[in-house]
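Single-structure report; data block below.
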Amino acid sequence: MPTRIQKKNRAAILEAALNVFSAHGFRGATVDQIAAEAGLSKPNLLYYFPSKEAIHAALLSGLLDTWLDPLRALDENGDPLEEILAYVRRKLQMSKELPRESRLFANELVQGAPRIHDTLSSDLKALVDEKAALLERWMDQGRIARVHPYHLIFSIWSLTQHYADFDVQVRAVLGDEDPFEGAGPFIDTVYRKLLAP
């Protein structure tokens, strides 16, 4: 059973790694950078994680569950449009509150997902297939407009995660305006118009 200090150090390493990986990507990050960011020596860090790959894998493993939870919460017994809009709001909130995590995930995907490809092909695909089938049922029942269910999910990911993954660009264009104040109402309107039966 890990001690309080071991738990604290492990958490500090993962927090530091999140900063380093989200800023530099997997290839640009080093164990030395992560150790410095965590305030630990490199040998001390290597006591907890044997390699940069192990740290990255631990981060991605935790992140995948966090990332999939909002889609899992899509409730087949709820009002279809409100369920989809709640999903959109959850994803946008994640972009606001977890931008480093979003960039970490995006960096992994841009590199071809070498460390999580199997999970994407199994866990993620199974969940998206299940929710796409639910969207199809709602469409067949005439409860939302007919659109391609997978592309609907992809568009939600794109529209919401853009605010985290391209934060610098968004803020450069908007200046002092908080991007999330305008994003929520805009995206809500887009999906209400798109999905109204």
Side-chain angles (χ1 to χ4, degrees), residues 2 6-7 9-74 87-88 90-133 135 148-171:
Q6 288 172 325
K7 289 178 185 175
N9 285 346
R10 184 176 166 83
I13 292 166
L14 291 174
E15 179 68 18
L18 181 56
N19 284 336
V20 173
F21 284 129
S22 67
H24 304 289
F26 179 80
R27 290 184 189 147
T30 67
V31 171
D32 289 321
Q33 289 171 318
I34 296 167
E37 179 87 12
L40 298 169
S41 68
K42 183 175 177 179
N44 198 0
L45 179 147
L46 293 172
Y47 168 80
Y48 294 95
F49 294 96
S51 64
K52 176 174 85 168
E53 290 78 7
I55 300 168
H56 197 260
L59 277 174
L60 284 173
S61 174
L63 177 59
L64 274 172
D65 270 342
T66 301
W67 233 240
L68 297 179
D69 282 346
L71 186 56
R72 286 185 185 114
L74 204 62
Y87 174 55
V88 170
R90 288 189 297 268
K91 289 294 290 175
L92 189 60
Q93 192 67 25
M94 288 177 73
S95 283
K96 182 177 183 178
E97 294 175 359
L98 305 171
R100 296 172 306 158
E101 290 85 345
S102 184
R103 286 190 291 275
L104 176 76
F105 190 66
N107 281 334
E108 174 70 7
L109 295 180
V110 166
Q111 294 173 19
R115 287 158 287 280
I116 61 167
H117 188 271
D118 289 346
T119 303
L120 294 178
S121 301
S122 57
D123 298 354
L124 175 67
K125 178 162 177 32
L127 178 62
V128 173
D129 286 347
E130 173 193 326
K131 297 306 179 179
L135 294 169
H148 193 294
Y150 289 96
H151 290 290
L152 173 59
I153 294 169
F154 298 157
S155 75
I156 292 169
W157 295 347
S158 300
L159 281 176
T160 57
Q161 288 173 226
H162 178 86
Y163 292 93
D165 300 343
F166 295 93
D167 176 72
V168 172
Q169 173 182 285
V170 168
R171 291 183 187 277

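Quick note: residue numbers are just sequence positions, from 1.
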Straight-line distance of H56 NE2 to L14 CG, nearest 0.5 Å: 11.5 Å
Under 3.5 Å donor-acceptor, K52 side chain and A29 backbone: yes
Rounded distance (nearest 0.5 Å) linking atom CG of L135 with atom CG of L152: 5.5 Å
Over all atoms of both residues, closest heavy-atom pair of F49 and A58: CE2-CB, 3.9 Å
Note, S155 side chain near H151 side chain (heavy atom, < 4.5 Å): no
S102 side-chain N/O to S95 backbone N/O, donor-acceptor pair under 3.5 Å: no
Separation between CG of D32 and CD of E37, rounded to the nearest 0.5 Å: 13.0 Å
Contact summary for L74 and K131, nearest pair of heavy atoms: O-NZ, 2.9 Å
Which atom of P70 lies closest to which atom of T66, heavy atoms considered: CD-O, 3.3 Å
Straight-line distance of T160 OG1 to D165 CG, nearest 0.5 Å: 9.0 Å
K91 side chain to I156 backbone, donor-acceptor under 3.5 Å: no
Salt-bridge present (R100, D167; N to O < 4.0 Å): no
Flag if over 12 foreign heavy atoms under 6.0 Å of NE2, H148: yes
Basic-acidic side-chain contact under 4.0 Å: R115, E53: no
Step-by-step side chain to side chain contact (heavy atoms under 4.5 Å, CB included) determination, E101 to M94: CA-CA 9 Å; E101 290 85 345; M94 288 177 73; over 6 Å; no
Geometric class of the F154/W157 ring pair [parallel <30°, tilted 30-60°, perpendicular >60°]: tilted
Distance-minimising heavy-atom pair for K42 and V31: CG-CG1, 3.9 Å
R72 side chain reached by D65 side chain, heavy atoms, under 4.5 Å: yes
Test side chain to side chain contact (heavy atoms under 4.5 Å, CB included) applied to K96 and Y163, step by step: CA-CA 7 Å; K96 182 177 183 178; Y163 292 93; over 6 Å; no
Gap separating the CG atom of L98 from the CG atom of L104, nearest 0.5 angstrom: 11.5 Å
Parallel, tilted or perpendicular: rings of F21 and F26 (30°, 60°): parallel
Partner of L124 by side chain to side chain contact (heavy atoms under 4.5 Å, CB included), out of D129, I116, L68, T119: L68
Nearest heavy atoms of P149 and A132, plus distance in Å: CB-O, 3.7 Å
Neighbour count >12 (heavy atoms, 6.0 Å) for atom OH, Y150: yes
Closest non-hydrogen atom pair, L120 against A113: CD1-CB, 3.7 Å
Between CG on residue L18 and CD1 on residue I34, distance to nearest 0.5 Å: 10.5 Å
Backbone of D118 reached by a side-chain donor or acceptor of S121 within 3.5 Å: no
